[in-house]
There are 2 protein chains.
Amino acid sequence: MSKSIKKEFNRENLLNQGVNLFMNQGYHGTGLQEILDAVNVPKGSFYNYFGSKEDFGADVIQHYTEPFIMQLTAHLNNSGADALGAIRCYFDELIVELEKNEFKGGCLLGNFMGEMGDTSEVCQKSLQSAVKRYRDLLQLGLIKAQQQGTVRLDKSAEEMADLLVNTWQGALLRMKIEKSSAPIKQCCQDLLGDYFRV
Amino acid sequence: MSKSIKKEFNRENLLNQGVNLFMNQGYHGTGLQEILDAVNVPKGSFYNYFGSKEDFGADVIQHYTEPFIMQLTAHLNNSGADALGAIRCYFDELIVELEKNEFKGGCLLGNFMGEMGDTSEVCQKSLQSAVKRYRDLLQLGLIKAQQQGTVRLDKSAEEMADLLVNTWQGALLRMKIEKSSAPIKQCCQDLLGDYFRV
DNA sequence: TAAATAAATATGACCGGTCGTATTTATTTA
DNA sequence: TAAATAAATACGACCGGTCATATTTATTTA
């Protein structure tokens, strides 16, 4: 394996393990050594891939977000005349995944916002951009649903997208301590199944 | 000052500083030494007051919650025929306080749920009980408001209280990274000013 | 009541480990 | 061989926690 390919391979592995460990143990609760051991990269090599732990955290945030954007985008593209249904379907998939993990971890974005959202400027910037991308995509779906007549028009799609993102994050926190999917299911039912409907 | 009084004094100071530092830097981001220095208590004395950092964390959670319960209780007791107004008034006060702090910290319960809600059993228990007390009190207020005819009857007060707690927590996370009170204001407006109304 | 003893609390030096990072050495690539 | 990259090692600071000892308070005895 060529060096430059291996470099990309190591970088990717580090990011993946960073997502896993940061999500389950938090930023300050996870040492670099633990991540490096998990992907068999020597400690001295870390700074060849990332400038610092903080910079690494910011990159992990983006790396974590990507698949969610993809997944939601795919649902919206295949939704046909039911954008609201696509959004519900997307969240249902998330719920299945969270149940599979026994409600551990939750959402890296939410956890990081609470732990470092106002202390690390680098990560704050990264969180802002990740959440914005996510919110904007939900907004797009809600606009589509409004045009299709399944979502109310007297509230802006932006406002609803924000409310959905925020309530979902709060529900994930409750899920973690209650070890139950009830909060996140109720979030979807209350908003997507009731409040947002025409 | 007698020994037993000083002990209570030190304990209280430790809890207060614990609230401050944990809220702003997180649990793992805050060392015991930092807390001990802030209240001039020697390292070795800490374990006369608390069994471990984790036990201390659980106590800090309860200590943090108390004033909020008091404050909301007071509003509800003085509300007369407008329990919904009392709840709104209570949250308005919280918003003023958060603006005063320039959106730093947010809520210790939310931050801890994200950071340790599924890793520390001791703190998880403490978080469960703190959130339940808070939720139950909001539920009580909403029931009162339902009886007064200002809040819809076709949704249970419990469900609405949970939704309010969760959305508020999510909005606080957004507040922290956006450095703006818009999310928490929108939370109150959307739920208390719209969705919950008859 | 005074002295002697026991119990409780306070203390700071110190433990083994781990932290994130810098520097130095080795290896690869051009 | 020169430049670039990876890896090993070293570093001081700090982590949560322990422990023997010192000091204060409570209890017993005379």
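All values below come from the heavy atoms of this structure, side chains included, with hydrogens, waters and symmetry mates left out. Order of the sequence lines fixes the chain letters, A, B, ..., with proteins taken first and strands second; residue numbering starts at 1 for each chain. Here the structure is a predicted model, which is why all the values come from computation and not from measurement.
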Quiz item: Do any N or O atoms from the side chain of A:Gln124 and from the backbone of A:Gly117 form a donor-acceptor pair under 3.5 angstrom?
Solution: yes
Quiz item: To the nearest angstrom, how far is B:Phe50 atom CZ from D:dG17 atom P?
Solution: 13 Å
Quiz item: So, A:Lys176 and B:Glu115, do they make that salt bridge, N to O below 4.0 Å?
Solution: no
Quiz item: Expressed in angstrom and rounded to an integer, what is the separation of B:Ile35 atom CD1 from D:dC14 atom P?
Solution: 16 Å
Quiz item: Atom CG of A:Asn40 to atom P of D:dA8: distance rounded to whole Å?
Solution: 11 Å
Quiz item: What is the ring orientation for A:Phe56 with A:Phe46, classed by angle as parallel under 30°, tilted 30 to 60°, or perpendicular over 60°?
Solution: perpendicular
Quiz item: What orientation do A:Tyr27 and A:Phe112 show, parallel under 30°, tilted 30 to 60°, or perpendicular over 60°?
Solution: perpendicular
Self-check item: Consecutive Watson-Crick or G-U pairs in runs of at least 3, all under 3.5 Å, in which DNA chain D is involved
Solution: C:1-30 with D:1-30
Exercise. State whether the side chain of A:Gln71 and the backbone N or O of A:Tyr90 hold a donor-acceptor pair below 3.5 Å, judged by distance alone.
Key: no
Quiz item: With a cut-off of 6.0 Å (strictly less than), are more than 12 heavy atoms of other residues, nucleotides or ligands near CD of A:Glu121?
Solution: no
Check: protein-nucleotides 2-4 of chain D nitrogen or oxygen pairs below 3.5 Å:
none

Quiz item: Salt bridge or not for A:Lys155 and B:Asp190, using N-O below 4.0 Å?
Solution: yes
Practice problem: Decide, yes or no, whether a salt bridge links B:Glu93 with B:Arg88 under the criterion of side-chain N to carboxylate O below 4.0 Å. | Solution: no
Exercise. Have a look at B:Arg174 and tell me which of B:Pro183, B:Ser180, B:Cys187 forms a side-chain contact (heavy atoms from CB on, under 4.5 Å) with it.
Key: B:Pro183
Between the protein and nucleotides 17-21 of chain C, which nitrogen or oxygen pairs are less than 3.5 angstrom apart?
unit_1 : atom_1 : unit_2  : atom_2 : d
C:dG20 : OP1    : A:Lys53 : NZ     : 2.6
C:dG20 : OP2    : A:Leu32 : N      : 2.8
C:dG20 : N7     : A:Lys43 : NZ     : 3.0
C:dG20 : O6     : A:Lys43 : NZ     : 3.4
C:dT21 : OP2    : A:Tyr47 : OH     : 2.5
C:dT21 : OP2    : A:Lys53 : N      : 3.0
C:dT21 : O5'    : A:Tyr47 : OH     : 3.2

Quiz item: If you measure from CD on A:Glu66 to CD1 on A:Ile61, what distance do you get to the nearest 0.5 Å?
Solution: 13.5 Å
Quiz item: B:Phe56 near the nucleic acid: base, sugar-phosphate alone, or nothing, with a heavy-atom cut-off under 4.0 Å?
Solution: nothing
Quiz item: Do any N or O atoms from the side chain of B:Asn101 and from the backbone of B:Lys104 form a donor-acceptor pair under 3.5 angstrom?
Solution: no
Practice problem: Please state whether the phosphate of D:dA7, meaning OP1 or OP2, lies under 4.0 angstrom from any side-chain nitrogen or oxygen of A:Ser45. | Solution: yes
Self-check item: Distance, rounded to the nearest Å, where A:Asn48 contributes CG and C:dA26 contributes C1'
Solution: 13 Å
Exercise. Let me know the distance between CZ of A:Arg11 and C1' of D:dA6, rounded to the nearest Å.
Key: 16 Å
